[in-house]
J.: 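Got a structure for you, written out below as structure tokens; questions coming shortly.
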Amino acid sequence: MEEAGERSTSNQSTPTTSPTKLPRGNWVCAKPSTSQSVNLNEHITEKLEVLMNAYKNTKDQWRALGYRKAIGALKSHPRAVTTWEEASAIPGIGSRLADKIAEIVQSGHLRKIDHVCQGEEAKILDIFNNIWGVGPTVAQEFVQLGYKTLEDVRTKAKLNKQQQIGLSHYYDFLDRMPRDEAAEIGKLIEDATKEFNPNFVCTTCGSFRRGKKTCGDVDVLISHLDGHSHKGILFKLLEKLHST
DNA sequence: TGGCTGTACTG
DNA sequence: CAGTACA
DNA sequence: GCCA
């Protein structure tokens, strides 16, 4: 799943004082997908993302947030970063991340990843955190109870409704589809919606709208120019889709 | 040193 | 209402 | 983690 509030920390993004004077922030979703540029620092961000995920898994949410901002800044940086100074000059990147970035640039590796991720507990936490409805807290409780596999969770854990769904569709939810397939699904939704009223407006949002190559889900916004005709459409739409 | 998004669900 | 997870 |  994608972040609803994915910020772009690009230092060349749309100024908040755009000609329209609207207080639009620097959001990835506020940029046209056609402006999606290549990540020139992928060799760096792919490693930082591994560490960020490990920290997120262990309830260190603020550290993970710091990593997320830094990674976003690196992704939209217009050049490949090669020096510590260049890295630390980027907003959102301080001395600690600059150290790590310099290590990656020079050695091609980040030793911290091994320290943090190679342990058995970290691997188990990652498995459990990927259950939809299970976050860092519950994942750690599972580990504390001695659970090591999804089978342990299935047979021993007490799960709420969301977590039950998450476990039963574990690999489905982990799966991603090519954006073409997301487009097809969006079209299917649009066609079904317009059978009720051709004046509905359907917009596929989320990761698809942001130009991602793959999508974990399909977000469709349904609206109507008159501002009220859309009310109650969701339930009827679901009925129609289920019946076909 | 403390704040860092807003919202819904669960118990 | 606090804790938790999600987007 | 970063930053004010």
Side-chain angles (χ1 to χ4, degrees), chain A residues 1-11 16 23-30 41 44-45 47-77 81 84-104 110-113 115-117 125-144 153 157-167 169-170 172-174 176 182 203-210 212 214-221 234:
Chain A
M1 319 247 172
E2 302 298 326
E3 303 80 9
E6 186 176 346
R7 266 185 193 279
S8 166
T9 47
S10 167
N11 50 5
T16 50
R24 175 172 52 216
N26 293 325
W27 308 93
V28 172
C29 56
N41 294 288
I44 301 172
T45 57
K47 291 192 162 50
L48 294 183
E49 279 172 345
V50 173
L51 252 194
M52 171 184 72
N53 195 52
Y55 284 130
K56 183 189 62 185
N57 288 346
T58 61
K59 295 187 73 173
D60 204 339
Q61 58 171 316
W62 301 123
R63 191 176 305 261
L65 176 63
Y67 273 71
R68 202 177 79 195
K69 288 183 174 177
I71 290 167
L74 276 174
K75 284 184 174 177
S76 53
H77 196 64
V81 175
W84 189 97
E85 287 74 18
E86 192 178 358
S88 69
I90 299 173
I93 296 179
S95 62
R96 314 281 305 280
L97 263 307
D99 288 345
K100 293 178 175 64
I101 291 170
E103 182 187 339
I104 294 171
L110 183 55
R111 289 162 295 172
K112 188 80 178 176
I113 287 182
H115 294 148
V116 174
C117 305
L125 279 177
D126 196 55
I127 294 172
F128 293 166
N129 267 281
N130 277 322
I131 303 172
W132 187 59
V134 172
T137 302
V138 173
Q140 272 196 339
E141 288 172 4
F142 287 170
V143 168
Q144 196 62 33
V153 173
K158 181 179 180 181
L159 303 174
N160 65 32
K161 197 150 214 168
Q162 182 183 4
Q163 291 160 345
Q164 291 173 27
I165 295 173
L167 181 60
H169 296 304
Y170 185 83
D172 279 343
F173 288 169
L174 232 43
R176 299 183 69 82
T203 310
T204 305
C205 309
S207 52
F208 177 83
R209 187 174 181 275
R210 294 197 301 276
K212 295 287 188 177
T214 65
C215 302
D217 61 7
V218 183
D219 303 312
V220 180
L221 176 67
L234 182 56

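All values reported here derive from a predicted model rather than from experimental measurement. Residue numbering restarts at 1 for every chain, and letters A, B, ... go by the order of the sequence lines.
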J.: Taking the side chain of A:Q162 as heavy atoms from C-beta outward, which of D:dG1, C:dT4, C:dC6 is closest to it?
T.: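 The answer is C:dC6, which lies nearest to the side chain.
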J.: At under 4.0 Å, does any side-chain N or O of A:K100 touch on OP1 or OP2 of D:dG1?
T.: yes
J.: Roughly how far apart, to the nearest Å, are B:dT1 and C:dA5 at atom P?
T.: 29 Å
J.: Atom NZ of A:K161 and atom P of B:dG11: how far apart are they, to the nearest Å?
T.: 11 Å
J.: In whole angstroms, how far is the P atom of D:dG1 from the CG atom of A:N53?
T.: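 Going from CG in A:N53 over to P in D:dG1 covers 15 Å.
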J.: Mind calculating the distance between CG (A:D60) and P (B:dC4) to the nearest angstrom?
T.: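 For the pair A:D60 CG and B:dC4 P, the rounded distance is 17 Å.
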J.: Please determine whether a side-chain nitrogen of the Lys or Arg among A:K158 and A:E141 lies less than 4.0 Å from a carboxylate oxygen of the Asp or Glu.
T.: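 Answer for the salt bridge query: no.
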J.: If I take atom NZ in residue A:K212 and atom P in nucleotide C:dA7, what distance separates them, rounded to the nearest angstrom?
T.: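 Answer to the nearest Å: 15 Å.
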J.: When rounded to the nearest 0.5 angstrom, what distance separates CG in A:N130 from CG in A:L125?
T.: 11.0 Å
J.: How long is the line joining CZ of A:R63 and P of B:dG2, in whole Å?
T.: 16 Å
J.: Report which part of the nucleic acid A:L97 touches: base, sugar-phosphate, or nothing (heavy-atom distance under 4.0 Å, all strands).
T.: sugar-phosphate
J.: For A:R68 and B:dC4, what is the distance between atoms CZ and P respectively, to the nearest whole Å?
T.: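 Answer to the nearest Å: 14 Å.
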J.: Show the nearest heavy-atom pair for residues A:L97 and A:A70, with the distance to one decimal.
T.: CG-CB, 4.1 Å
J.: Can a side chain N or O of A:W132 be found less than 4.0 Å away from OP1 or OP2 on B:dC9?
T.: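 Looking at the OP1 and OP2 atoms of B:dC9, neither is under 4.0 Å from any side-chain N or O of A:W132.
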J.: Could you tell me how far apart A:N160 (CG) and C:dC6 (P) are, to the nearest whole angstrom?
T.: 10 Å
J.: Nearest heavy-atom pair of A:V134 and A:A139: which atoms, and what distance?
T.: CG1-N, 3.8 Å
J.: Respond yes when some side-chain nitrogen or oxygen of A:T137 is under 4.0 Å from OP1 or OP2 of C:dG3, and no when none is.
T.: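 Answer is no, no contact under 4.0 Å.
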J.: I need the CD-P distance between A:E49 and D:dG1, as an integer number of Å.
T.: 16 Å
J.: Using the P atom in both, what is the distance from B:dT5 to D:dC3, to the nearest Å?
T.: 14 Å
J.: Have a look at A:L48 and say if it touches a base, only the backbone sugar-phosphate, or nothing, with a 4.0 Å heavy-atom cut-off.
T.: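 It contacts nothing in the nucleic acid.
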